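Following: one structure in structure tokens, then a few remarks.
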Amino acid sequence: MNRTFSIIKPDATKRNITGSINKIIEQNNLVIIAQKRIKLSKEKAEDFYSVHREKPFFQELIQYMTSGPVIIQVLEGDNAVENYRKIMGSTNPENADDGTIRKLYGLNIQENSVHGSDSNENAKIEISYFFDESEIINN
Ligand code: ATP
Ligand code: MG
């Protein structure tokens with residue numbers, strides 16, 4: 001059993017499809033053990049995506065991630081990090097496998113509906129950046 005950190009991004013909250021995304025998460029044996037709707041500040045978005053600071057798409061990415069509310073989540077299940085990356089699909093929805101969240105709902109390489117941690121180490125860092133342990137209810 002392990003945990004991953006998820007963000008349902010502004011393109012999805014704008015279209016009111018967060019329930020549809022949560023349904024896919026749950027159908028794939030991940031349990032949403034914490035969830036809140038927030039608006040990312042510019043500072044928090046920049047810090048969260050700091051590995052991409054030098055990329056040409058960075059400013060646009062920050063603009064997008066702060067353009068509306070996001071749902072932040074802690075997901076728990078077997079191989080949660082790997083499992084969720086698989087359910088999300090490729091970064092570019094055009095390349096994502098059928099049935100994945102990004103294939104079903106992603107609009108383009110930027111507005112791709114979801115984020116998921118890419119390693120157990122980053123999952124721990126990202127979860128503790130957004131959630132207090134007391135907000136995570138797993139039993
Ligand atoms: P995430 O980190 O959000 O889970 P990812 O790991 O699949 O997605 P990254 O390479 O870490 O992809 O990129 C982070 C986010 O930056 C992407 O999810 C997407 O929203 C945006 N992004 C990535 N590449 C591009 C690009 N070439 N042009 C515009 N936006 C991009
Ligand atoms: Mg990433």
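Order of appearance sets the numbers: ligands from 1, and atoms from 1 within every ligand. Just so it is clear, the model here is predicted, and its values are computed rather than measured.
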closest protein heavy atom to atom 8 (O) of ligand 1 is R102 NH2, 3.2 Å
Ligand 1 and K9, any nitrogen or oxygen pair closer than 3.5 angstrom? yes
Measuring from the heavy atoms of N112, does anything fall under 4.0 Å of ligand 1? yes
Go through it in stages, so that I can follow the logic: the residues are Y64 and D11, the test is side-chain hydrogen bond (donor to acceptor under 3.5 Å, both in side chains), and I'd like the CA-CA distance, side-chain angles, deciding distance and then a yes or no. CA-CA 8 Å; Y64 156 60; D11 67 274; 2.5 Å; yes
Shortest protein heavy-atom distance from atom 2 (O) of ligand 1, along with the residue and atom involved: H115 ND1, 3.2 Å
Ranked by distance from atom 13 (O) of ligand 1, the top protein heavy atom is H52 NE2, 3.4 Å
Hydrogens and angles aside, do K14 and S67 bring a side-chain donor and acceptor to less than 3.5 Å of each other? yes
Less than 4.0 Å between a side-chain N and a carboxylate O, is that true for K42 and E46? yes
Salt-bridged, K36 to E135, with N to O below 4.0 Å? yes
Does ligand 1 have a heavy atom under 4.0 Å from the side chain of M65, from its backbone, from both, or from neither? neither
Between ligand 1 and E111, is the shortest N or O to N or O distance under 3.5 Å? no
For Y49, does the six-membered ring have the charged nitrogen or CZ of K44 within the cation-pi criterion, i.e. under 6.0 angstrom from the centroid and within 45° of the normal? no
Do F57 and ligand 1 have an N or O pair less than 3.5 Å apart? no
Heavy atoms, side chains only, cut-off 4.5 Å: are K39 and T66 in contact? no
Heavy-atom nearest neighbour in the protein, as seen from atom 7 (O) of ligand 1, with distance rounded to 0.1 Å: T91 OG1, 2.6 Å
Which ligand 1 atoms, with their elements, are less than 4.0 angstrom from a heavy-atom of G116? 4 (O)
Out of curiosity, is K55 lining ligand 1, as in a heavy atom under 4.0 Å away? no
Which residue supplies the protein heavy atom nearest to atom 20 (O) of ligand 1, what is that atom called, and how far is it? Q110 O, 2.8 Å
Is there a side-chain contact between M65 and I7 (heavy atoms, below 4.5 Å)? yes
Consider only side-chain N and O atoms of S134 and D132, and report whether a donor and an acceptor are under 3.5 Å apart. yes
Between I24 and I87, is any pair of side-chain heavy atoms under 4.5 Å apart? yes
Answer whether the closest heavy-atom distance between the side chains of E60 and Q110 falls below 4.5 Å. yes
Region of R85 that comes within reach of ligand 1 [heavy atoms, distance under 4.0 Å]: side chain
Between L61 and ligand 1, find which residue part has any heavy-atom pair under 4.0 Å and reply side chain, backbone, both or neither. side chain
Would you mind checking which non-hydrogen protein atom is closest to atom 19 (C) of ligand 1, with the distance to 0.1 Å? I109 O, 3.3 Å
Under 4.0 angstrom from ligand 1, any heavy atom of E126? no
